[in-house]
Structures are given as C-alpha cells and as structure tokens.
Amino acid sequence: MAVPSIALPGQLLGSADKYFPGPGTHIHESQIYASIAGPVITSPTPKSTQTKPSPLLSIQRPSTSTDPGILGTGSGGGGTILPEVNSVVLALITRLGPRFATCEILVINNIVCRESFQGQIRREDIRATEKDKIKMEESFRVGDLVRGTVISLGDQSNYYVSTSENEFGVVMARSEEGRLMYPVSWKEFRDPVTGRAEARKAAKPF
Amino acid sequence: MATNTDRRRNNPPSGGTHAPVFARTLREPEYLQTLRPTRTRGPNELRRIFLQTSIIPSASGSAYLEIPSSSANSSSTLIPPTSSLKITASIQGPKPLPRSAPFSPSLLLTTTVKFAPFATRHRRGYIRDNTERDLGVHLETALRAVIIGERWPKSGVEVVVTILEGDEDGWWGDAHASGSGWGLLNVLAGCITVASAAITDAGIDCVDMVCGGVAAIIRNPDSRDEEDLVRVLDPCPAEHKQVVAACAVGYLASRDEVTEIWMKGDVGPDPDALIEGATHASVGSLAVVKEVLLEALQAKFQGQIESSQGAQKRKAQDVEMTG
C-alpha cells in the first residue's frame, strides 16, 4: 500500500512490519496510524540494529514562522514544543540560590517557545570538573543568558538544566554597569570599557 | 439565577433577549401554526455545516463551526423559524502547569464550555451555570479518550468552547418547548466536532478525530398514529413537534469506537438503533471536518514551502553581491 502524502489523525499509514513509527505517529493493532495532521515523510532509519532497516514514517509539524505576528512575540508565533532530555536550550537566569540557580527556558533546539518553562541549574551541574569548588556567584548572575542541555524533566515545576560541557554556559552577560561583556576565558567575562573582569562559567564560542 | 450573584458587571435585566411576540400570533392560533417550521430534508440528511480552523491568532489552535438554519426565513414574521448553531473553540497550550500543580506524567486536559449571554432566547449569565459545567464534563470525556497524553508530560491544555448561538430546545411557539433540553444534545455534538478540529489544528497528538453526531426518535408528523415513530439524523428540535428520544455521541470513525454517549427520553426497546444513527450523523460531520482540515493543511504547507524558497533566493542574491 502506498503511503499517503498528507495525513490526518487516525489515518492508516502502513504496516508496522514494513515501517518504523516516527514522530507524529502511533501504533494500533500493529498498524501505524497518523496522530497529527501534516505531510507524511518517509526517511531511512538513521541507526538500526536490524539486518534490513525499515524506513521511518513521521509527520512533519508546521515550522514556526520567525514573524512574531501582529500581536507581538509570545502570541501565536511560537511553537508548541516541550523540553526533552538532551535538548539544547537557551535560558535566562532569574534567581540565584546557594545550591541552584533558577532559570527561564526561552528557546528549545533553536525554536522559540510560546511560553517559557521554569528550569533549575543545580550547583554540581554547572561544570564537570572540581564540582566541590563551584561557587554559584562565580558562575552565574541574574540576567545572564545561558546555553545548556536538559538532563531531566525534573520535579513538578522545574526542568533540570546542565552546563557541564565546554559549549554550555553563559553566552550573554552584562557587567555591573550594565554593559554587554565579552568572554576572555572559560571562567571570565570582561567589560569592554572599564576592562574589569567578572567570573562566569562561559560557553565556548563556536 | 447566576446573574444575580454576578456583582462585577453591569447586568442587564435577566431574561432579556426575547424576540418580540406580535399580537397576531396571540390572536389567531391558526396563523401561529402556519409559522411552524417543518423538516424539509430527508430523515438521514444532515444540515449543512460550515467549519473553519485557525481563526484566533493568539491561540495554538482554534476552529469555528456553524450549522445555519435550514428553513428559509419567512417574510411575514421577524422571528427566525429555527435557530442555528454557532460555536467557536480555542486551544490554549500545551503549556507548563502552574507551580502549585503536582507532577503529571501526561497532558492535563481542561474543558470550559460557555454559552454567550446572547446565545439563547433566554439570556445567560456571565458565570458558568450547571448546564454549561455539565456540557464541559461531557466534552472532556469525549476528548480525553482521543488525546495521546503521554507525549506531553508536565503540561496542560485548555479547551475553551464558546457557544455564540445555541440550538433551541423546541419551536418558540410551543410554550412547553423551552427547558426540555433537546437542543443541548445538538450543542454537545457541535462542541465535540469543533473542539476536535481545533485540537488537530493545534497539533496535539490524537488517536483519531472524534466527531459528534445526534439522532432522534420523533413522532411521525404525517401519520395519525400516536405510536408511529421515525428515526431522524441531526434533528433540529424546532422542526419536530414531538421528540421522543435523542442521543448524542462522540465517535471515532476509523477505529469504530464511541467515547461519549448522552441519551435522553424514552428510547424504547432498541437503543442501539438510535446510537447507530448518531454515529452515522457523526460520520457525516467527520467528512466536513476532514475536508476543511486537508484544505487548511495544504494552504499552511504551501506557504511554508514558498517562504523557504524565498529565503533561499534571498541567500543566493546575498552571495552574488558579496562575490
């Protein structure tokens, strides 16, 4: 049976013996059905343990437009996307505690969220080495923009974010005077005018 | 009444939106009976349905459903002979749960059904009354079985349905008609259909598209026999003098499953026939929903392809300029 080019929820796409179910599909009685509306995409399975890999069936979600729309950002333009484990996020530090920093996840995998998600960066997740010597105030300040990865869906209200890799950490920080600073090392940002250095866990620039 | 407890707004006199009753309808009962609408379509024929999705830009998904009045407006009276059904649904979310909510591994569904104050002949309050809460619970059961909640952990979705014009319980000329509740079944079926279209528009994972349908058993108007009953699909309560029983279902056509049943009245020995009729009606409205959604999808993805092509063209031009 040919796979339909466009599918609506509940539409039969193919047998589960011949295809793998991808995002936007579900299996019912060993048949693959669509679960969202959109064009059907058949792609080769990236890594398969089987001798004969079956193609992956998935349904494309409409891409979110970069145009924020007439009502401004956060109204309609954003995608309905949830943080998942291993997704790379951009987050704004909102509060510092002795054991963890609270942040607001704004971007997930380069897609701007419709609504922000509350996240938490625990002190031991800030960097991978010398975890016992990490000091919160030498890593983040309120208002810093941080790139990190989600390590757990966390408890009832927070997603757990980690910055313990080189490319994760503060990407944008303002000095005490409020000027945008530039990173000079993995643990230091510098003010372009006064030249004063401030301690941060800096992300490795690309 | 709910309006009496609402102290936040300037409330109009309760019971306000009655259409004028003209003296002639009171003086001449025969004239009144000539205004009575009758069913002109076949017993298995549905009213026409208008549906559109993505009407509210700030919602993640939305839909509008209208079932226009089937009878032609008569020129001799200002009162519309039958009511029409107009419902909007908007989906808010999936969004993170509020801080106080406990952890939930799956999507939390909240449904709110509200009649607009002007939706029925009898004016509704601004605060939800028992009927509306009841409709909300019915709608929630119909939708809950369809949504694949495990795909959206720690998040909630709100389905907000506003009824702009509700089907009436009976013809306005029949004094006993209002309050019988026959119109609510049509409203529920419409709510299920429109909410399902909005959920699909929002891109929330569903097992199938659920659609609402109504069937009724009525006294045959052409027959003298009191016991002569007919089954009709999509009854417009104003067009039938006596509805004996009615049933609204939420039906998954491709799985042949029923997620919601609401039955009223004296069904008699064979309720299955009535339920089956309601599922037939829901298949009819499903055809409309499918058609509309396919059309919307094509438009949506057409635009996406064009915009990406446009971006590539612009990039190519940039390269030329720098080179």
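Protein chains get the first letters and strands the later ones, always in sequence-line order, with residue 1 at the start of each.
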Measure the spacing between CZ of Phe117(A) and OG of Ser155(B) and express it to the nearest 0.5 Å. 7.5 Å
Rounded to the nearest 0.5 Å, how far apart are OG of Ser5(A) and CD of Gln298(B)? 7.5 Å
Taking CZ in Arg179(A) as the centre, count heavy atoms belonging to other residues, nucleotides or ligands within less than 6.0 Å. Is the count above 12? yes
Side chains of Pro153(B) and Leu82(A): closer than 4.5 Å at any heavy-atom pair? yes
Lys154(B) side chain vs Asp155(A) backbone, donor-acceptor pair below 3.5 Å: yes
Glu29(A) versus chain B, the contacting section by heavy-atom distance below 4.5 Å: neither
Side-chain H-bond candidate by donor/acceptor type, Gln156(A) with Arg99(B), under 3.5 Å: no
Could you have a look at Leu293(B), Asp205(B), Val146(B) and say which one has the most heavy-atom pairs with chain A under 4.5 angstrom? Asp205(B)
Does a sphere of radius 6.0 Å around CD in Glu167(A) hold more than 12 heavy atoms from other residues, nucleotides or ligands, not counting ones at 6.0 Å or beyond? yes
If you take all heavy atoms of Ala7(A) and Leu297(B), which pair is closest and at what distance? O-CD1, 3.9 Å
Does Glu124(A) CD have over 12 foreign heavy atoms under 6.0 Å away? yes
Determine the minimum heavy-atom distance between Pro96(B) and Ser116(A), stating which atoms define it. CG-O, 3.5 Å
Shortest non-hydrogen pair, Ile36(A) vs Gly203(B), comes out as CG2-O, 3.6 Å
Heavy-atom nearest pair, Gly10(A) first then Ser254(B), reads O-OG, 3.2 Å
Distance-minimising heavy-atom pair for Phe103(B) and Gly154(A): CE1-O, 3.8 Å
Applying a strict 4.5 Å limit to non-hydrogen atoms, the region of Ile204(B) in contact with chain A is backbone
Would you mind reporting whether His26(A) and Ile148(B) have side-chain heavy atoms less than 4.5 Å apart? yes
Whether over 12 other heavy atoms sit under 6.0 Å from Tyr64(B) OH: yes
Are the side chains of Leu294(B) and Leu8(A) in contact, using a 4.5 Å heavy-atom criterion? yes
dist Gln11(A):CD -> Lys290(B):NZ (nearest 0.5 Å) comes out at 6.5 Å
